[in-house]
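Working notes for the structure below.
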Amino acid sequence: MSDENPSTSKDPPTEIQEEEVFEIIDFTNASDWEKFIAQIDEAIIDWHLNRYINLPPLQKNELTSGEWITKSTPLSFSNVPFTLTLHQLKQLENEHFEDSTNQDEEFQLPLYGKDAMDRTNDFPARAHCLSRWFGLRCFLLITPDTDPVMSKSKLNLLRSSAAIALNNTGCNIPMFVQIQEFWRRLYVGHATSPGIMTKYDMVHLKRCPVDHAHVHGLLYMLKAKLGLVAMPSLHYQVASRFTYMLKDWGSNGRWPAKIPDPEALASNFNTLLTGCLDDPVTELHLAATWPYRTGDMIIDNDVHSDYDPLKAPRWSIRLLYADDVTCLLAYYLFEFMKTADRRETLQDLLHYQEPKPEQDIGNVLDRLSDPNTKTVIPIVPKKLASGISKVVSNPQNFLRRGAYAISRISKGVERIRPDVLKDIIKFIFSDSEESSYATESRDGTLLHHKLKAAPVGSLTHRLAICAIVVNLCHGGVWALAQLWHAFVTELRQMLDSATNLSAIDISPPDLRTSLLHQKLQMLNCCIFRKSERETKAATAAAQEMEETILEQASNPDEVLDMSVELTKPDYIEDEGSIEGNKLSKPSEVQKPDGLFAVGAEAVEEDSGWPGFEDELEIDDEELEVETSDTEQHENKIEPSATQELTSQDTNEVQMEKNQVENVESSPDEDGGGKSTFDTDEDPGPRQKIASLQSESDDEFFECEEESDDIAVPEVAKTKSKPSKTDTQAEIAANKSKFLQQEAAGRLNQCGTLKLLYEDEPLYIPITQEHAPQTEDQLEEQAEVFSKLGDTLEGSQVRAKMQSTSLLSDMEAFKAANPGCVLEDFVRWYSPRDFEEGCLSPRMRIPGNLWVTTWSSARPVPAHRQKRIFDDTKEAEKVLHFLTNLKPAEITQMLLPMCVQETLLILRASSSNLLPCLPSLPPLCNQIETRASQLFQSWKMAGSVANQFVSWSPDEKSKVEDVLRQIAFAENLVERARSLQHKFSSLGEVKVVNAFVRNLLEHPEVELDGGANGKQGKIVRDFFKADQARQHAINNPQTNNMETNAEGSKPHLTTPVLPKPAGREFIIRTMAKHPSRISHEVPHRLYAVLAQSEFRLALSVSSDTTFF
Amino acid sequence: MKHEAGVEMANSNASNPAQKDAADQNFDYMFKLLIIGNSSVGKTSFLFRYADDSFTSAFVSTVGIDFKVKTVFRNDKRVKLQIWDTAGQERYRTITTAYYRGAMGFILMYDITNEESFNSVQDWSTQIKTYSWDNAQVTLVGNKCDMEDERVISTERGKQLADQLGFEFFETSAKDNINVKQVFERLVDLICDKMSESIDSDPTLGNVNKGTTNLTQDASGNASGCSC
């Protein structure tokens, strides 16, 4: 001790004041070593450890159950970096530090000495190895950051540094230095306290020396170390623990009891199957513990041992789990994720003829990205299950093989067989049976809104499930491509035949759901409108037939010739039907040279910026309405033709219109274009075309009625150049004409209101619904709006752009209320703007949009107005969007629904497993929150509508995080199920669950009644069965084995337990050291004897007062 | 005339992007706010008072949706507020609710001189709950408090309803510039708080991972403890 006292000749550490300590670091000309020590001093002071610390004794198992705190700080010894770490068990209560002022009273053991002798925390189930080996609740540790400390001199230098620093600061916490290679976990240490000093040393060998392979040998060694060999009277306490390992659970314990059937997996498209492919509970470690035996009572030497594990006072078990066992839910998802990295387009995959080489590449990629490749998952097919216990195989190939088996695919390895594909498509599109189960998220909102997915049981949801199953079992990305192609083709057919999609509600896109779901809702809206139109047209057809025939006869030729020359816009060429409406643009109406202008326009628009197109359309719609009086004639003659629409047809109409226009209207730049046509033009050719294109009719909201009033075009014609300045006067002027008009398109009376200037009730008109929008369209519109800028002009343009439906409503209102004035309209539409018999001031602002729109509105009932929502075009947009998705993008689109499904399944399991796995619901909540944040913030759509945006790397890693959490939760579920199965013979379900919960929540569980309790019996049976199996396998060598067996279980006729995998001993004694006149000080030897490791951890104390 | 509008629109559209891009970089955060409430409660006036500090007794009744931009400073950060003004008429509900998603804050406005506009607050609140993000902040505003003579909704009633709905509450006058700035400032503060809150709460998600590793550590701890 004296040689280690620092040269600074400090007073005893207990009396050190902090000020003095600062003086120590305040020198300038110090050596590296001194600087190093100073750094340690500083850290100790920073952490307030520079005093005598005493704490109450440890509670039972406190080392395991308590909370450990660590603090660390970097050190440097002449530029070699080290880290000093404090490991400390958090003292929840009764924390008190005692200055050892009562030092004189009596010799007192320091805290570390008491802890080392304390038997309540032997063999902690979970603790830092130093705590475990030396029985400490608080220690400091110096570890080299880079190169291990290998040389003896360096070791000594570090060790003395520690000793000096402890003495300098008066800290009574042991300090260790890690030496040798890191993996060996070798530490030496030092502790000092008034009157006592302790040295910690370790021995680490690969093999156990025969002389010390038993208690007897270890005792001898300790005695020798203490120089007390000749003292038989010494009292030794020995705690022992033997550990036995079980790696094969046998047929009774094996989980899953039944391996998931690949065929079931491949043919189930309803939901995802659960289960694991291998047991997540890999090993059982049984520890037989003798907490206290006195050294002289133990017989354990090289010839005989009285340790009988079956009679050990304490049995405890711990379980080892495999985190990487393949569980099906995660398996589906991770396989699906692989597709998200593919670059191919749908076409690449669909037209790929030889999948062989590609498949190899795919497999290589798989191996790189597959989180499960490390594990080789054994699968036992049903047929083989009887024989060999484990057939090692790649489950993926196996499952695929299984899938092929059912679909009996003979050629094209990566393909779904046509009839299977057909069945899948049929299933996806089958009627919903409303079989959705509770889909509420934890806070009551709908889960599919939270995750931005789709309702369970919906078309979108089914599609996602089928896709993920197909991807796993029917050929990966190729099969996915096939499925998608078939899906979109089917959608096209549904649209063409105007059949509504089943399992999707006919409502505007729900912006809270997945973009894909919105798109499908949009398509369904389109189909609905279309079918409605067609139904009405069909009923009207009979009436109109006669007229049609008459008019058709008049001039059939003219336009048909031209149609051939027109360019067909290449908007989804291969799909046949093309939206014709795109051609009806305002500019086109104005172009003086009809034929070429139209052709050029068509091409231009298709190649143009799509976002811009919408803006134009809005304006276009307004214009179209103005010309609609002409078109009404078109409409009138339009029967419900069944022919397919072609772009030519539409072009013809437009062309023809242009020509007529060019002839009849003056080519006035502004007004000419929208001036009305002569309604008396020959309708013959148009009507013929119209009869061919009823489906493509984009001009009218509905077309179920005949044109019943000749008055309308007349009125409109006079109104075609409205005077902005004096609208009131104009209305008055037109009033008489309105009166002649027959009311049309009334919905119902607006309360008891009457028109201001007529003795007629005020009617609410039938109005056009607003155009539904998907979120990408909405976003694009918002962007267009915001690009117009924060100016008055911008504001006016925005208002103008949005006035379409206002105009439509006004026209409908006028049609429903002949003789009405703006005041009437406002009373219905915006009642608060009609005050005390007149319009509010804001409505009277000259030239405001309401007034101008009113003045330009003509009485046209909704059914004869231009459609605000062009369902034909919108439907094409959706199909175009879907067709152009790459498989990777498809995967990304479908993922929210898949995550939703897995989450629902996990939640269902969690309610079943609640008694033994109460931590699962919170975990599910966390997954839900995380997935919700991810999917909510994920912008699938670009700023341009119909543009899909793939994951960013950040998003991708977040997705992977979510999937990993799902995998973990699933693994927990399987652990619980596996344990329930293994310990099912414990008795009542309640008892089993309680035990399983105990096992899952604690690293180690003591068995009630030790080896002879119910739990112990099950464990014994597992070992027994395993021993029997081993015995059978090694039958020829049985005799040999028994003679070789260690002495630990010589009397057992049937060896219930195998050879222990490890034996641990803690030998403690209080002995006078270093001399006979010293105080009794604590000594402790921890030893672990395993097959390939022999480790001793020794702490020997010396009395520093009486040497 | 209509066609003119089209041309004009195209022009402003073509010239704007560059301008816009330059302007876009002049902020650290952008908050999207939405002003909703019945027709004629003074939403547009309120917005103009805040953004332009101007007041006109009559603004044209908003058609559909419009917006104004104002940049404010919060903790040395430039916060660009894009404030969307909506048409209050029933007929525009479907159009305006589509804009609820993505709005971080709402100003729900009624007119203290109009009972009906107050009675509709509940409906508007339901709409917000249905269509907006979970974290959206809402401030209830009783406007036109300068018209004390015509008041029909007492401050107390407004306050009570706001408490009941869990909203902040202000009475304001766009005309006399009472509390207008305060409403926006408070709303921005609330949004900022919520943002930092959600950042703080993220670590709880991290805890899951900790749990995961703990459990795996268990396994490895086991191995080291016993089989060594």
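Both backbone and side-chain heavy atoms feed into the values below; hydrogens, waters and symmetry mates do not. Chain naming here is simple, since letters A, B, ... match the order of the sequence lines and numbering starts at 1 in each.
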Report summary line: Bottom line for A:Arg798: the part with an atom under 4.5 Å from chain B's heavy atoms is side chain
Return all side-chain donor-acceptor pairs below 3.5 angstrom for residues 126-133 of chain B, not counting sequence neighbours, or 'none' if the list is empty.
residue, atom, partner, partner atom, Å
B:Thr126, OG1, B:Gln122, O, 2.9
B:Thr130, OG1, B:Thr126, O, 2.7
B:Ser132, OG, B:Ile128, O, 2.8

**Report entry** Results of side chain to side chain contact (heavy atoms under 4.5 Å, CB included) for A:Ala931 - residues two or more places apart only
**Finding:** A:Leu451, A:Val899, A:Phe935, A:Val962
Report summary line: Filtered by a 4.5 Å non-hydrogen cutoff, the part of residues 87-96 of chain B contacting chain A is B:Gln89, B:Arg91, B:Tyr92, B:Thr94, B:Ile95
Report task. Indicate yes or no: at least one non-hydrogen side-chain atom of B:Ile153 is less than 4.5 angstrom from one of B:Glu115. Result -> yes
Report summary line: Taken to the nearest 0.5 Å, the spacing of A:Gln773 CD from A:Gln781 CD works out to 4.5 Å
**Report entry** Side chain to side chain, B:Leu81 and B:Val72, heavy atoms closer than 4.5 Å
**Finding:** yes
**Report entry** A:Ser937 side chain vs A:Leu934 backbone, donor-acceptor pair below 3.5 Å
**Finding:** yes
Query - Within-4.5 Å side-chain heavy-atom neighbours: A:Leu788 and A:Met801 - result: yes
**Report entry** Among B:Thr172, B:Asn143, B:Val141, the one residue meeting side chain to side chain contact (heavy atoms under 4.5 Å, CB included) with B:Ile107
**Finding:** B:Val141
Query raised in the report: Tell me, do B:Lys175 and B:Lys144 make a side-chain contact under 4.5 Å, heavy atoms counted?
Result: no
Query - Interchain contact, A:Glu283 with chain B, by part (heavy-atom threshold 4.5 Å) - result: neither
Report task. Write out, in numerical order, the residues from residues 39-52 of chain B with a heavy atom short of 4.5 Å from a heavy atom in chain A. Result -> B:Ser39, B:Ser40, B:Val41
Query - Max heavy-atom pair count under 4.5 Å with chain B, selected residue of A:Leu511, A:Asn848, A:Asp833 - result: A:Leu511
Report summary line: The interface call for A:Ile845 against chain B, heavy-atom contacts under 4.5 Å, is side chain
**Report entry** Contacting region of A:Asp809 [heavy-atom separation from chain B under 4.5 Å]
**Finding:** side chain
Query raised in the report: For the residue pair A:Met843 and B:Ser61, what are the closest heavy atoms and their distance?
Result: CE-CB, 3.7 Å
Query raised in the report: Do A:Tyr244 and A:His285 touch side chain to side chain, with heavy atoms closer than 4.5 Å?
Result: no
Report task. Verify whether the ring centers belonging to B:Phe106 and B:Phe167 lie closer than 6.0 Å. Result -> no
